[in-house]
Structures are given as C-alpha cells and as structure tokens.
Amino acid sequence: MEGSENMTTTVAFIGSGNIGSTVARLAIEAGHQVVLSNSRGPETLASTAAELGPRASAATSGEAAAAGDIVVVTVPVNAFPNLPAVPLAGKTVIDTCNYGPERDGHILELDSKALTSSELLLRYIPDAMVVKAFNNIFFKHLLSLARPAGAADRSYLPIAGDSAPAKETVTEFIESIGYSVVDAGPLADSWRQATGTPVWGTPYGPFSNEKGQPVGEDAIRAALATATR
C-alpha cells in the first residue's frame with residue numbers, strides 16, 4: 001500500500017476475463033479505483049464489482065474508456081474493431097491480448113508477421129498510447145506471485161510500447177501491484193513476448209503449479225533475447 005495514497009489511479013477494463021479480473025483484484029488491493037466493462041453490459045458484472053468492494057464499479061465499455069486514467073484492453077483480437085476509439089484517444093492503454101487463430105480466425109497481417117497484435121490494435125485506436133503487458137503470464141501466477149516493493153523474490157514482467165510517458169505510467173502501475181518491469185522495446189518488438197515464445201508462461205512455472213515460481217530480471221531478459229520469429 002505504501003505510496004498508493006498519492007497515486008489514486010482509476011484503472012478501467014474493457015473485457016473482464018481471467019487476466020482482466022486478476023489485474024483488477026491486484027489494483028484494488030493496491031488502493032486504485034477500478035471500472036469494469038465487457039461486451040455483454042454492466043449488469044453482467046454487478047456481482048464481480050460487488051465482490052471487489054467499494055472501489056470497483058461496472059460500466060459500458062465506452063464509459064469505462066472515458067473514466068480510466070489507464071485502460072486495460074483484454075479482449076479477443078477479433079474484437080478489436082468493436083473498441084470505443086474516441087474515448088480512448090490520448091489514453092494510456094495496456095494491451096494484454098494474445099492472438100490465437102483457432103479463436104480469432106486468421107488475420108492476414110498477423111499470420112504474415114507484417115504486424116504484431118499490438119500494432120494491429122493501434123490501427124483501431126490510433127490516438128491511444130498502447131503498452132503491451134500482462135499477456136505472458138498465467139492469471140493464477142499473476143495473482144500468486146505479486147510481492148511488495150523490495151521483496152527479494154519479486155518477479156519481473158516485460159512491457160513493450162512506443163510512448164515513453166505511457167511506459168512510465170504503466171511501469172508505476174505494475175510496480176504498485178507487486179511486480180517489477182523489464183522494458184522489452186517498441187510495439188514492433190512485442191512479438192518477443194507473444195504466445196509460444198520463451199518468455200510466455202514458461203518462466204513462471206507450469207500451469208499445474210498454481211503458485212508459480214518467482215522470476216528475476218536476468219531470466220526475463222534472456223527469454224526475450226532468445227525469441228525467434
């Protein structure tokens with residue numbers, strides 16, 4: 001909680017699946033305000049908001065986008081065209097999304113590797129500042145590996161983005177919820193943390209071990225460096 005008093009950030013969520021709801025839970029614990037949204041409407045999130053407590057509320061995706069100091073987009077890649085681009089203009093957006101053709105259908109620019117999925121997202125919300133984060137860790141590990149600042153077994157998460165101020169904002173947020181950050185470069189390099197890469201899932205332990213294992217900075221940097229495209 002230390003330091004969170006002077007950084008009461010409103011973190012809005014478009015999509016409230018496993019990663020979204022886990023980040024929301026960690027954000028609440030760190031003293032932030034949370035606004036949840038999904039494609040089905042705020043009434044479907046009433047019980048989740050109630051469970052998270054008084055700092056959480058539910059809204060439409062447009063309302064959530066407008067309310068957030070930081071907006072977490074955590075939807076299937078094939079839902080990018082439905083995002084509320086206008087209220088996301090000028091916002092710091094965290095992209096947790098992973099492309100999966102079996103779920104999303106085939107997307108030519110991603111299959112051909114002409115774009116990363118984060119660069120594709122930016123085409124739909126061109127005036128936002130997109131930072132890739134949280135896409136490489138199993139949601140149960142994300143919940144269980146959070147540690148206070150200064151803890152010897154604090155884990156690192158990679159982030160990628162083109163805006164230095166947005167990266168700084170996202171780094172502060174991630175540090176507030178229990179993790180340290182490795183800067184993995186611009187959005188064009190975010191493929192290094194995509195599904196199936198060395199940094200994706202594996203460093204934090206097998207899915208069967210719900211507690212996960214802490215991962216230091218050097219291991220994350222090495223995993224990013226050994227990724228091949």
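Bear in mind the structure is a predicted one, so any value in this text is a computation, not a measurement. As a basis for the values below, the full set of heavy atoms in this structure was taken, side chains included, without hydrogen atoms, waters or symmetry mates.
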Enquirer: Tell me, please, which residues at least two apart from Lys211 pass side-chain contact (heavy atoms from CB on, under 4.5 Å).
Expert: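 Partners of Lys211 under the side-chain contact (heavy atoms from CB on, under 4.5 Å) test: Asn209.
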Enquirer: With clusters defined by side-chain heavy atoms of hydrophobic residues (ILVMFWY) lying less than 4.5 Å apart, directly or transitively, does Ile107 cluster with Ile125?
Expert: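 Yes, Ile125 and Ile107 fall within the same hydrophobic cluster.
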Enquirer: Do any N or O atoms from the side chain of Thr116 and from the backbone of Leu187 form a donor-acceptor pair under 3.5 angstrom?
Expert: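 Side chain of Thr116 to backbone of Leu187: a pair is present.
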Enquirer: Can you tell me how far apart OG (Ser37) and CD1 (Ile14) are? Round to the nearest 0.5 Å.
Expert: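 Answer for the OG-CD1 pair, Ser37 versus Ile14, is 5.0 Å.
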Enquirer: Would you check if the side chain of Arg147 reaches a backbone N or O of Ser144 as a donor-acceptor pair within less than 3.5 Å?
Expert: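 Checking the backbone N and O of Ser144 against the side chain of Arg147, a donor-acceptor pair under 3.5 Å is found.
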Enquirer: Can you name the nearest heavy-atom pair linking Asn98 to Trp200, along with the distance?
Expert: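 For Asn98 versus Trp200, the nearest heavy atoms are ND2-NE1, 3.5 Å.
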Enquirer: Side-chain heavy atoms nearer than 4.5 Å, only ILVMFWY residues, links allowed to pass through others: does that put Trp191 and Val131 together?
Expert: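 The answer is no; the residues belong to distinct hydrophobic clusters.
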Enquirer: Verify the cluster assignment for Phe13 and Ile137: are they in a single hydrophobic cluster under the rule of side-chain heavy atoms below 4.5 Å apart?
Expert: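 The answer is yes; both residues are in one hydrophobic cluster.
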Enquirer: Could you tell me whether the side chain of Lys167 and the main chain of Gly161 form a donor-acceptor pair under 3.5 Å?
Expert: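 Yes, the answer is positive, given that a donor and an acceptor are paired below the 3.5 Å cut-off.
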Enquirer: Regarding Arg25 and Glu51, does a basic nitrogen lie under 4.0 Å from an acidic carboxylate oxygen?
Expert: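 Here Arg25 pairs with Glu51 in a salt bridge, since their nearest N and O are under 4.0 Å apart.
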Enquirer: First locate atom CG of Asp183, then atom OG1 of Thr171, and finally report the distance between them rounded to the nearest 0.5 Å.
Expert: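 Taking CG in Asp183 and OG1 in Thr171, the distance rounds to 7.0 Å.
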Enquirer: Are Leu224 and Phe138 joined in one hydrophobic group, where the rule is that I, L, V, M, F, W and Y side chains link up if heavy atoms are under 4.5 Å apart?
Expert: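 Yes; tracing contacts between hydrophobic side chains, which count when under 4.5 Å, links both residues.
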Enquirer: Cut-off 3.5 Å, side chains only: do Ser39 and Asn82 have a donor facing an acceptor?
Expert: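 No, no side-chain donor-acceptor contact under 3.5 Å.
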Enquirer: Could you report the tightest heavy-atom contact between Arg40 and Glu43, atom names first, then the distance?
Expert: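 Closest approach of Arg40 to Glu43: O-OE2, 3.4 Å.
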Enquirer: To check you understand the geometry: which heavy-atom pair defines the closest contact between His141 and Glu210, and what is its length?
Expert: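 So the two residues come closest at CD2-O, 3.4 Å.
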Enquirer: Find the distance between OH (Tyr99) and CZ (Phe80) and round it off to the nearest 0.5 Å.
Expert: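 Atom-to-atom, Tyr99:OH and Phe80:CZ are 11.0 Å apart.
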Enquirer: Keeping Asn135 on the side-chain end and Gln193 on the backbone end, is there a donor-acceptor pair under 3.5 Å?
Expert: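 Confirmed, Asn135 side chain pairs with Gln193 backbone.
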Enquirer: Is the backbone of Pro203 close enough, under 3.5 Å, to the side chain of Gln213 for a donor and an acceptor to pair up by distance?
Expert: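 The answer is yes, because a donor-acceptor pair under 3.5 Å joins these two groups.
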Enquirer: Do any pairs count as a salt bridge (charged side-chain N to carboxylate O under 4.0 Å, His left out) and have a residue in residues 109-118, sequence neighbours left out, and if so which ones?
Expert: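 Applying salt bridge (charged side-chain N to carboxylate O under 4.0 Å, His left out) to every pair that reaches into residues 109-118, excluding sequence neighbours, yields Glu109-Arg123.
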Enquirer: For Glu172 and Thr169, indicate whether the former's side chain and the latter's backbone hold a donor-acceptor pair under 3.5 Å.
Expert: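 No, because the side chain of Glu172 does not come within donor-acceptor range (under 3.5 Å) of the backbone of Thr169.
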Enquirer: Decide yes or no for Glu217 and Arg154: does some side-chain heavy atom of the first lie under 4.5 Å from some side-chain heavy atom of the second?
Expert: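 Contact flag for Glu217/Arg154 side chains = no.
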Enquirer: Find out whether Val182 and Ile159 are in side-chain contact, i.e. whether some heavy atom of one side chain is under 4.5 Å from a heavy atom of the other.
Expert: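 The answer is no, as the side chains (C-beta and beyond) never meet within the 4.5 Å cut-off.
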Enquirer: Which heavy-atom pair separates Ala166 from Met129 by the least distance, and what is that distance?
Expert: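 That would be CB-CB, 3.7 Å.
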Enquirer: Of Val11, Val34, Leu143, Ile174, which is the lone residue that meets side-chain contact (heavy atoms from CB on, under 4.5 Å) with Leu26?
Expert: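 The side-chain contact (heavy atoms from CB on, under 4.5 Å) with Leu26 is passed solely by Leu143 among Val11, Val34, Leu143, Ile174.
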Enquirer: Just wondering, do His32 and Ile28 contact through their side chains at under 4.5 Å, heavy atoms?
Expert: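 No; the side chains remain at least 4.5 Å from each other.
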Enquirer: Please check if the side chain of Lys140 supplies one atom and the backbone of Gly212 the other of a donor-acceptor pair under 3.5 Å.
Expert: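 No; zero donor-acceptor contacts below 3.5 Å.
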Enquirer: Can you give the donor-acceptor pairs under 3.5 Å from side chains of residues 69-78 to other protein atoms, not counting sequence neighbours?
Expert:
from, atom 1, to, atom 2, distance (Å)
Asp69, OD2, Thr10, N, 2.7
Thr74, OG1, Thr96, OG1, 3.0
Asn78, ND2, Arg103, O, 3.4

Enquirer: Do you know the tightest heavy-atom contact between Ala160 and Ser190?
Expert: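 Answer, listing the atom of Ala160 first, then Ser190: CB-CB, 3.8 Å.
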Enquirer: Tell me if a side-chain donor or acceptor on Thr197 pairs with a main-chain N or O of Arg192 at a distance below 3.5 Å.
Expert: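 Judged by distance alone, yes, a pair lies under 3.5 Å.
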Enquirer: Does any N or O in the side chain of Tyr179 come within less than 3.5 Å of the main-chain N or O of Ala146, such that one atom is a donor and the other an acceptor?
Expert: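 Here the side-chain-to-backbone pair exists.
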Enquirer: Rounded to the nearest 0.5 Å, what's the gap from NZ on Lys132 to OG on Ser117? Could you check?
Expert: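 Here the interatomic distance stands at 3.0 Å.
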Enquirer: State whether the side chain of Ser16 and the backbone N or O of Leu36 hold a donor-acceptor pair below 3.5 Å, judged by distance alone.
Expert: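 It does not hold such a pair.
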Enquirer: Considering only heavy atoms from C-beta outward, does the side chain of Phe173 approach that of Ile94 to under 4.5 Å?
Expert: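 Side-chain contact under 4.5 Å: yes.
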Enquirer: Hydrophobic cluster membership, with links at side-chain heavy-atom distances under 4.5 Å among I/L/V/M/F/W/Y: are Leu120 and Phe134 in one?
Expert: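 The answer is no; the residues belong to distinct hydrophobic clusters.
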Enquirer: Ignoring hydrogens, what is the shortest heavy-atom contact between Ser61 and Pro84? Give both atom names and the distance.
Expert: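 That would be O-CG, 3.8 Å.
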